[in-house]
Structure formats: structure tokens, C-alpha cells
There are 2 protein chains.
Amino acid sequence: MDAATVVDALAALAHEHRLAAFRLLVEAGPAGLPAGTIAERLGIAPSSLTFHTRELMQARLVTQRRVSRQLFYAANFDAMNDVLGYLTENCCAGEACGLECGPTGSAGSAAR
Amino acid sequence: MDAATVVDALAALAHEHRLAAFRLLVEAGPAGLPAGTIAERLGIAPSSLTFHTRELMQARLVTQRRVSRQLFYAANFDAMNDVLGYLTENCCAGEACGLECGPTGSAGSAAR
DNA sequence: TCCACTATTCGATAGTCGTTGAAATATCGG
DNA sequence: CCGATATTTCAACGACTATCGAATAGTGGA
């Protein structure tokens with residue numbers, strides 16, 4: 001996982017609506033939620049939601065699957081964990097930062 | 001730690017130069033690095049570096065202190081850990097996401 | 001005091017982001 | 001096939017981001 005990928009993921013999450021949408025999807029679990037439901041919960045226009053889900057998909061943070069006429073979005077936990085791994089890898093990189101991120105950063109996915 | 005604060009922090013890190021700068025500062029430890037050194041390492045103009053350090057400071061991710069005529073910037077590990085705590089708190093929020101972020105997310109700082 | 005050094009502020013500019021309504025696409029039920 | 005539902009694509013717009021050079025402010029040494 002290189003810096004550019006991490007930047008994309010962080011940029012995707014660095015927005016009020018996208019962070020809220022991602023949170024909803026995390027809570028929804030693997031089943032995910034249909035686009036319309038997310039847009040309604042966030043209080044934004046359907047076309048705006050599409051714009052944001054596209055950003056999240058390009059960052060590999062969510063996946064899309066069709067169920068009848070609805071498009072369900074679900075959080076990609078692996079990608080999210082890679083990002084966290086990269087950040088915690090940077091944190092405590094051989095230094096005494098006094099945080100508990102060290103043992104966490106040992107996640108194998110960090111070096112992907 | 002509310003969502004808006006997390007969004008600010010993520011936005012601050014969601015840029016090639018700022019993520020690189022933050023990484024440099026993490027590696028530099030509490031002593032930090034002077035502005036000129038960071039700008040040189042990143043290959044950007046001094047005024048551009050100021051722009052980015054301001055973003056990082058507004059997000060509380062770095063601190064600034066004067067040493068003679070140089071301004072040293074240092075990573076704010078507490079703030080960084082709060083952000084990670086928030087993200088891991090969202091991740092695995094009572095769900096089986098299959099990641100190791102659950103036990104990590106138990107960090108007390110998450111609820112700050 | 002005067003100069004060199006370090007970094008910031010200012011002004012201008014090109015590019016990207018986020019939003020929406022309207023139109024188009026895809027799917028299902030009858 | 002046709003209408004209804006769900007979502008995306010398109011075009012346009014205002015706002016913000018990132019960049020740099022030039023000018024300004026703060027610090028230390030001679």
C-alpha cells in the first residue's frame with residue numbers, strides 16, 4: 001500500500017457526508033445499504049450521493065452490488081484496515097510516541 | 001472528539017505533501033524539524049510549506065515552537081491517536097468485520 | 001545599528017470539489 | 001410492451017485548494 005493510495009482513502013473520508021455514509025455502511029455490516037436509504041439518511045440529493053459513493057469506490061473503501069433494482073453499498077473492511085495499518089505504521093516508527101498504536105501497527109496488511 | 005474534528009484531521013492528512021510532512025515529523029519525534037528542512041525535503045517553496053503546516057496546525061496534528069530563528073514543527077501524537085481511535089471505533093461497531101481493529105479501538109481516547 | 005537568515009503573509013492564478021435539477025439508464029410487475 | 005421505481009449521468013455553477021514569487025516581519029551576530 002503506497003502513499004498515494006492512502007491519500008486517496010483519506011481524501012475520500014475527509015468529507016462530512018462521505019464519513020457519515022461510510023459510518024452508516026460500517027454499522028450496516030456486509031449487507032450494506034441501498035443508495036436511496038443513504039441519501040435520505042444524509043439529507044442530500046440522489047445525484048450528490050452518487051458523486052460521493054463514486055469517490056468512496058475509487059478509494060476502494062466501499063463495494064457495490066445490485067439487488068433487484070436497488071444498488072447496495074457495503075464497507076470494504078480490508079481496505080479500511082490497510083489505511084489504518086499504514087497510519088499506525090507511520091506512527092511509532094521506531095520512536096517512543098507514548099501511544100498504543102505500536103502493537104496495533106503490527107497488522108500484516110500494512111506492508112501490502 | 002466529534003465528526004467535524006475528524007474530518008478536519010483527515011482532510012489535513014489527505015494530501016501528498018502534508019502526509020509526507022507529517023510522516024517526516026513522526027520520524028523526527030518530539031524534537032521535530034524546522035520549516036526550511038521540511039520544505040527542502042518535500043521539494044516545495046517555503047510559502048507552500050507554510051500553507052500546509054497551517055492546515056496541519058488547524059487540525060491540531062502538529063505543534064509549533066520557536067528555537068532561535070527557526071520554527072520547529074512536531075507531530076501531535078495525542079491528536080493522531082484520537083483520530084485513529086475514532087476510526088477504529090466506527091470500524092467494528094458491534095459488528096463482525098473480521099479485522100483486528102476491535103481490540104485496538106478499545107483505546108480510552110476514542111470517546112473523548 | 002545594519003545585515004544576513006528564517007519563515008510568514010499577501011496577491012494572483014489554475015485547477016479541483018461539491019452541489020443541484022433535468023435527462024437518461026436499468027430493473028421489475030402486470 | 002408499458003409504466004413505475006431506483007439510480008446514474010450530464011451540464012452548470014459557486015466555492016475552495018494548492019501553487020508560486022515578491023514583499024514583510026522576527027531573530028541573532030558583528
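Chain identifiers are assigned alphabetically (A, B, ...) following the order of the sequence lines, protein sequences preceding nucleic acid strands; residue numbering begins at 1 within each chain.
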Take the protein atom [atom1] of [X] and the nucleotide atom [atom2] of [N], then report the distance between them rounded to whole Å.
X     : N      : atom1 : atom2 : answer
A:D8  : C:dT16 : CG    : P     : 14 Å
A:R54 : D:dT9  : CZ    : C1'   : 8 Å
B:L49 : C:dT8  : CG    : P     : 7 Å
B:Q70 : D:dA25 : CD    : C1'   : 17 Å
B:L19 : D:dT17 : CG    : P     : 18 Å
B:M57 : C:dT8  : CE    : C1'   : 10 Å
A:F72 : D:dA6  : CZ    : P     : 11 Å
A:F51 : C:dG21 : CZ    : P     : 16 Å

Quick one: ring pair (Phe, Tyr, Trp, His ring centres under 6.0 Å) pairs with a partner in residues 53-73 of chain B, sequence neighbours left out?
none
Counting any heavy atom closer than 4.0 Å, what does A:Y73 reach on the DNA or RNA strands: base, sugar-phosphate only, or nothing?
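Here A:Y73 touches the backbone only, sparing every base.
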Could you write nucleotides 23-30 of chain C as a row of B, S and -, 5' to 3', where a protein heavy atom under 4.0 Å of any base atom gives B, of only sugar-phosphate atoms gives S, and otherwise -?
---SBB--
Counting only side-chain nitrogens and oxygens, does A:H52 get under 4.0 Å of the OP1 or OP2 atom of C:dC17?
no
In Å and rounded to the nearest 0.5 Å, what is the [atom1] to [atom2] distance from [X] to [Y]?
X     : Y     : atom1 : atom2 : result
A:Y86 : B:R23 : OH    : CZ    : 3.5 Å
B:H52 : B:M57 : NE2   : CE    : 13.5 Å
B:R60 : B:D82 : CZ    : CG    : 12.5 Å
A:N76 : A:Q64 : CG    : CD    : 13.5 Å

Note, A:L87 side chain near A:L10 side chain (heavy atom, < 4.5 Å):
yes
Considering only Ile, Leu, Val, Met, Phe, Trp and Tyr, and joining two whenever side-chain heavy atoms are under 4.5 Å apart, list the other residues clustered with A:F51.
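Members besides A:F51: none; it forms no cluster.
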Under the side-chain hydrogen bond (donor to acceptor under 3.5 Å, both in side chains) test, residues paired with A:T5 that sit two or more places apart:
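With sequence neighbours excluded, A:T5 shows a side-chain hydrogen bond (donor to acceptor under 3.5 Å, both in side chains) to A:D2, given in chain and number order.
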Specify the residues of residues 35-48 of chain A, ordered by number, for which at least one heavy atom lies under 4.0 angstrom from an atom of DNA chain D.
A:A35, A:G36, A:P46, A:S47
Side chain to side chain donor-acceptor pair (under 3.5 Å) contacts in which one or both residues fall within residues 28-51 of chain A, not counting sequence neighbours
none
Of all the nucleotides listed (D:dT19, C:dT8, D:dT9), which has the minimum atom distance to the side chain of B:Q64?
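Closest of the options to the side chain of B:Q64: C:dT8.
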